[in-house]
Amino acid sequence: MSKTQAPDTSSISRLDQVKVSQYFGCNTFSERTMRERLQKDVYKSYRQSLKRSEPLSPEVAKSVALAMKEWAIELGCTHFTHWFLPMTGATAEKHDAFIMWDEPGQVTERFSGGMLTQGEPDASSFPSGGLRATFEARGYTAWDPASPAFLMEGPLGKTLCIPTAFIGYHGEALDHKVPLLRSMGVVSEQAVAALKFFGVNAESVVAQCGPEQEYFAVDLELAQQRPDLLFANRTLQGAKPPKGQELEDHYFGSIKERVLGFMQEVELECFKLGIPAKTRHNEVAPNQFEIAPIYEAANLASDHNQLLMELLKSIGERRGLAILLHEKPFAGVNGSGKHVNWSIATEEGQNLMEPGQTPEENLQFLYFLCSTLKAIHTHGGLLRAAIASAGNDHRLGANEAPPAIMSAFLGAQLNHILDAIEKGDVANVSIQGIIDLGIGNLPRIEKDATDRNRTSPFAFTGNKFEFRAVGSSQPIALPLTVINAAVAEALEDLNTKLAAELKAGKEHKAAVMTVVRQAIIETKAIRFEGNGYSDEWKVEAERRGLPHAKDTVAALHIWEEPAVKAVFSKAGILSEGELESRLHIRHEQYQKAIAIETQVLKEMAETQILPSISADLGARAESLAKLAVVGITVPETLKQALQAQATLAGEAQARLTTMKAALNAAEAIEDLHARTEAFGNSVNQSKHALREVLDQLEEACDADLWPLPKYWQLLAPLV
Ligand code: ADP
Ligand code: MG
């Protein structure tokens, strides 16, 4: 067994200290490290289990654990943890030291195969949506060998993190990872079956994802003075800044040094952890930025995005920046999303969403394209439901983000092709040389050079689909699970139809074209190339019968539709019970988010804003009285302005009372659905109403007396 000494990564503190390719993934127990450190046969059976998605045998697990422990300890690890994604949407970890009693008073480092492959955290404190009664609180974490173990650096040492799936006693999924892995298996199975029709013998097909992550950075000291930013991750009050993004001079602008330093530190840590951070740039709004990795297998992309969100926050804090991942931290300023780029490819790397070089490949491409269209058409509602949250409600359909109506943008060229196929005259129609008459009835497809449509929630961008409606703080696992599940279902349907056509004796190309054409006709309603922000589209979408859940309250109902239950349960991705538990948790999370916002706003209004307004009113009244004392006539306009401010303060007090009553009323409701309705309607409305007057009060209040950092301070360039 050849073993290279692990590189000393703690000494790498600059991006450019050595070439990135030399230290990329140095904090992960990567394939390369395994190959070097494991016996040949052990490595081989590890690879085999991985390929077949089978658990490791105890002997293999034991050897892997030993090698992993040695590697981790060489690099300065003292602790290990199973790292998982409970349904809270955050990550969870519980650290254990490697130490064990050796002889009396003496410890030794130990880490067994069992400790590697399985853990048993107390599951009762994680939300299970009623799936697991608390009396059988046992939950298990099981290593996902497809995701490499990694080291987390702490101030005084490192911790070995083992990415795991989190399951209940009876095997029920308690996390976001298990359904994602299951959905990847299902879409692979159907895509492999589809490829057989095209003479391609693939062993498996991988769903891939590159998530573009947007975020805001705010000076930490300022953020810490705002309870709303600390507890609700967004401002619940704030008058518009004098200079917002009207000038749009931030997008792709030069990155200020303070932010660049932060980005570079994030990238350094990403590289060490094997996260392929690729792109950094300023976003549209002031102090809004983006980081995008190179795409990877969907499960890795999901783990890496969760890790990235943690890194952004912790490195930000270290560098005096509060990183806001919320979808709408500032009213009136563009919100943040996460573009989830998705495609499927064979294990050999053939991207099935890529128009091909040959007519045959193009036929295959059309087949997969139309299956995806069918998935969006059948499950547009579910896709919408998968990204519904209290935070994303502020963004979707707000004329800056994709609308809440799901549609697909294909670009002019593909649209022409699909239209021609629909008309049934591909062989006779030539549009700008796209459709080649020379090759039978097959279209030649070239990379679309037409402009991007930024208003589409689901856009085809040349060789992948880009799901743009996902919120910036959301785990991508669920949207990815939904896309995979829906595409698998659509592929299965097309596969069945194609098999029937062939059985009926139709020639191959003609049979495929028949099935493709049928799908094109069926899914026409979902295709939209126009402006997704316009009111006309809302009317048009309704005419087409597309679902339009305008907010989370409406979107939550979608989970209970029979077609939604079926797409998950039929394929074994989520049982009815597992789905129900997720719905329950989504209701609870929505209610909790709004309850926290309401309580924080109440606290801010009662203990900070209204007292400051009183002080301001008092001080101004006193000044006017002093003028009168020395015989100066107080102009009526001054008195009126003061009166108006006092009246507004009274209105704020009244609206605060209404909001408190609405919150109490909502919290008293027993029924889950009715409580969600109350939070979404009366509580939200009362919160909004209060904010309206507080913002007006801010505009007239003495700046020295105003108790909170203002928008212009929070959004000022970070220097
Ligand atoms: P654009 O700027 O056109 O949106 P980029 O090339 O910058 O596209 O890619 C955006 C994201 O999409 C990146 O994370 C990238 O790795 C990812 N991506 C590119 N190709 C694919 C693909 N075939 N499947 C999934 N994601 C992809
Ligand atoms: Mg993009």
Side-chain angles (χ1 to χ4, degrees), residues 20 24 180 183-184 187-188 191 202 204-215 251-252 263 266-267 270-271 273-284 288-309 311-312 336-357 361 364-365 368-369 371-372 375-376 401-402 408-411 413-414 445-470 472 474 476-477 479-484 487:
V20 174
F24 186 82
L180 174 59
S183 76
M184 288 173 74
V187 79
S188 170
S204 64
V205 163
V206 187
Q208 326 179 105
C209 169
E212 301 165 59
Q213 175 73 52
E214 294 179 343
Y215 60 92
Y251 191 56
F252 279 19
M263 289 175 165
V266 169
E267 285 156 0
C270 279
F271 293 157
L273 287 167
I275 303 173
K278 173 87 173 163
T279 308
R280 57 164 105 111
H281 64 80
N282 285 359
E283 259 301 328
V284 175
Q288 192 187 27
F289 308 96
E290 179 181 303
I291 178 167
I294 305 175
Y295 65 96
E296 305 175 87
N299 55 326
L300 279 181
S302 161
D303 278 357
H304 282 165
N305 183 251
Q306 292 294 137
L307 260 176
L308 174 66
M309 290 196 285
L311 286 176
L312 287 170
S336 300
K338 183 141 51 189
H339 293 177
V340 169
N341 294 275
W342 174 93
S343 66
I344 42 179
T346 63
E347 226 191 348
E348 287 70 39
Q350 187 196 359
N351 180 359
L352 303 176
M353 290 292 146
E354 175 103 43
Q357 301 292 322
E361 279 173 8
Q364 179 191 306
F365 162 71
F368 282 99
L369 180 79
S371 300
T372 313
I376 307 167
F409 171 88
L410 294 183
Q413 298 189 353
L414 271 181
I445 302 165
E446 276 158 16
K447 206 166 167 79
D448 196 332
T450 51
D451 214 11
R452 292 288 184 84
N453 182 333
R454 295 181 151 265
T455 68
S456 175
F458 218 102
F460 182 73
T461 48
N463 61 2
K464 62 188 189 284
F465 272 94
E466 188 167 336
F467 188 18
R468 301 190 179 130
V470 182
S472 48
Q474 297 176 334
I476 59 172
L480 284 170
T481 303
V482 170
I483 300 174
N484 292 338
V487 171

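Read the numbers this way: they start at 1 and go in the same order the structure lists the ligands and their atoms.
Using modelled atom types, one finds no donor on one side chain facing an acceptor on the other under 3.5 Å when comparing Ser472 with Glu214. In the model, Asn351 has no side-chain atom that pairs as donor or acceptor with a side-chain atom of Lys464 under 3.5 Å. Asn282 and Gln288 form no side-chain donor-acceptor contact under 3.5 Å, judged by distance and modelled atom types alone.
The ring pair (Phe, Tyr, Trp, His ring centres under 6.0 Å) test with Phe465 is passed by exactly one of Phe458, Phe409, Tyr295: Phe458.
Comment: Arg280 does not engage Glu290 in a salt bridge, judged by the lack of any side-chain N to carboxylate O separation of less than 4.0 angstrom.
At a heavy-atom distance under 4.0 Å, only side-chain atoms of Asn351, from C-beta outward, approach ligand 1. Here Met353 has no heavy atoms under 4.0 Å from ligand 1, in either its backbone or its side chain.
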Please walk me through it: do Val340 and Glu466 pass side-chain contact (heavy atoms from CB on, under 4.5 Å)? CA-CA 6 Å; Val340 169; Glu466 188 167 336; over 6 Å; no
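Close approach of ligand 1 to Asn463 is summarised as follows: ligand atoms under 4.0 Å from at least one heavy atom of the residue are 23 (N). The Ile294 neighbourhood of ligand 1 comprises atoms 16 (O), with distances under 4.0 Å to a heavy atom of that residue. Near Glu212, with a cut-off below 4.0 Å to any heavy atom, the atoms of ligand 1 are 4 (O), 10 (C), 11 (C).
At least one N or O atom of Asn341, backbone or side chain, sits closer than 3.5 Å to an N or O atom of ligand 1. Not one N or O of Pro211 is nearer than 3.5 Å to an N or O of ligand 1, by distance alone.
Between atom 5 (P) of ligand 1 and the options Arg468, Glu466, Lys464, the minimum heavy-atom separation is to Lys464.
With values rounded to the nearest 0.5 angstrom, Met263 atom CE is found 8.5 Å from His281 atom NE2.
No heavy atom of Glu354 sits closer than 4.0 Å to any atom of ligand 1.
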